[in-house]
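Have a look at the structure below before the remarks.
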Amino acid sequence: MQNIIIIIFGAIFINNFVLSRFLGICPFLGVSKRTETSLGMGMAVIFVMAMTALVTWPIEHFLLVPRDLEYLRTIVFILVIATLVQFVEMVIRKISPALYQALGIFLPLITTNCAVLGVALLNIQIGYSLFEAVIFSVAAAVGFTLALVIMAGIRERLELAFIPKHFSGVALPLIIAGILSIAFMGFQGMMQ
């Protein structure tokens, strides 16, 4: 049980995919303008990452490794992720057309989100069991969502503030991301 808590806490706070590993920066900067959109994207990523772990772990252990096909791991994982993203895209389009419109190009870009592929590859590299892989994937996606929502909340608040022209555009979100990253580094001492 303690191992599961360490996996969850570590994936959300200490090794946050966006703020520590710097994976998934494109959707992090692109979708974090509105809290609702960030939350919707986060929920989609949570689903995709959880399903990716559920599908890629058995493929790795029961198909690729026994047949010495590990060299196909990346391409197979990308195909699995692309299929799952297509499914999520169809569901969101049907259930919430407004969210589908708000996410725009970033929804299909989950396929190329390096955080999703990164979690699948890390599950194999670290050697997690299927249960641990799913827990790690969901926790990593929750950490991704947390970073997205925090950034969106800050950006919404800053719309009401005076911003010098030198900080307009991409500069301010990058500065905010750096400060958030430093803040999340404070959690590293909690696990020692």
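FYI, the numbering just counts along the sequence from 1. The figures that follow rest on heavy atoms only: side chains count, while hydrogens, waters and symmetry mates do not.
A distance-only check finds no donor-acceptor pair linking the side chain of Ser181 to the backbone of Ala177 [under 3.5 Å]. Between the Ser20 side chain and the Ile14 main chain, a donor and an acceptor come within less than 3.5 Å of each other. Judged by distance alone, the side chain of Ser96 and the main-chain N or O of Ile92 form no donor-acceptor pair under 3.5 Å. Listed for the Ser38 side chain is a donor-acceptor partner under 3.5 Å among the backbone atoms of Val31. With hydrogens and angles ignored, the 3.5 Å screen pairs no side-chain donor or acceptor of Trp57 with any backbone N or O of Val134. A donor-acceptor distance shorter than 3.5 angstrom exists from the side chain of Glu156 to the backbone of Thr35, with no hydrogens or angles considered. The closest donor-acceptor contact from the side chain of Arg67 to the backbone of Phe62 lies under 3.5 Å.
With hydrophobic clusters built from ILVMFWY side chains whose heavy atoms lie under 4.5 angstrom apart, Met185 does not share a cluster with Ile176. When the side chains of ILVMFWY residues are joined at heavy-atom separations under 4.5 Å, either directly or via intervening members, Ile95 and Tyr100 end up in a single hydrophobic cluster. A continuous path of hydrophobic side-chain contacts links Val142 to Ile4 [ILVMFWY only; heavy atoms under 4.5 Å]. Hydrophobic clustering (ILVMFWY, side-chain heavy atoms < 4.5 Å, transitive): Leu180 and Ile182 are in distinct clusters.
Using a 4.5 Å cut-off on side-chain heavy atoms (C-beta onward), Val45 and Phe17 make no contact. No side-chain heavy atom of Leu130 sits under 4.5 Å from any side-chain heavy atom of His61. Contact annotation: the side chain of Phe144 never approaches that of Asn16 to less than 4.5 Å [non-hydrogen atoms, C-beta and beyond]. For the pair Arg155/Arg34, no side-chain contact is recorded, criterion being any heavy-atom separation below 4.5 Å from C-beta on. With contacts defined as side-chain heavy-atom distances shorter than 4.5 Å, the pair Leu29/Leu174 qualifies. Contact of the Ile110 side chain with the Met41 side chain is registered, since non-hydrogen atoms from C-beta on lie closer than 4.5 Å. Counting only heavy atoms from C-beta outward, the side chains of Phe47 and Val91 never approach each other to under 4.5 Å. With contacts defined as side-chain heavy-atom distances shorter than 4.5 Å, the pair Ile59/Val80 qualifies.
With values rounded to the nearest 0.5 angstrom, Ile12 atom CD1 is found 9.5 Å from Phe184 atom CZ. The distance from the CE atom of Met51 to the CG atom of Leu84 is 6.0 Å, given to the nearest 0.5 Å. For the atom pair CZ (Phe28) and CD1 (Ile150), the distance works out to 8.5 Å, reported to the nearest 0.5 Å. Remark: Ile46 CD1 to Leu39 CG distance equals 8.0 Å, nearest 0.5 Å. Here CD1 of Ile154 is found 9.5 Å from CG of Leu172. Values are rounded to the nearest 0.5 Å. A distance of 6.5 Å separates CG of Leu72 from CG of Leu64, quoted to the nearest 0.5 Å.
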Take Thr74 and Leu117 through the test side chain to side chain contact (heavy atoms under 4.5 Å, CB included) and record every step on the way to the result. CA-CA 8 Å; Thr74 304; Leu117 180 60; 4.3 Å; yes
Could you please spell out the steps behind the side chain to side chain contact (heavy atoms under 4.5 Å, CB included) verdict for Arg21 and Leu122? CA-CA 12 Å; Arg21 296 180 189 263; Leu122 279 171; 3.4 Å; yes
Take Leu23 and Val18 through the side chain to side chain contact (heavy atoms under 4.5 Å, CB included) test and state the conclusion after the steps. CA-CA 5 Å; Leu23 298 173; Val18 176; over 6 Å; no
If you apply the rule side chain to side chain contact (heavy atoms under 4.5 Å, CB included), what do you find for Ser137 with Asn123, and how did you get there? CA-CA 8 Å; Ser137 298; Asn123 284 332; 3.0 Å; yes
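Among all heavy-atom pairs drawn from Pro173 and Met151, the shortest one is O-CE, 3.0 Å. When all heavy atoms of Thr52 and Val48 are compared, the pair lying nearest together is OG1-O, 2.6 Å. Summarising the geometry of Arg93 relative to Pro97, their closest heavy-atom pair is O-CG, 3.7 Å, with the distance given to 0.1 Å. The shortest heavy-atom contact between Ile7 and Tyr128 is CD1-CE2, 3.7 Å. In terms of heavy atoms, Gly24 sits closest to Cys114 at N-SG, 3.3 Å. Nearest heavy atom pair, residue Glu70 against residue Val65, reads OE2-CA, 3.5 Å.
Relative ring orientation between Phe9 and Phe13 is described as tilted, the plane-to-plane angle lying within the 30° to 60° band.
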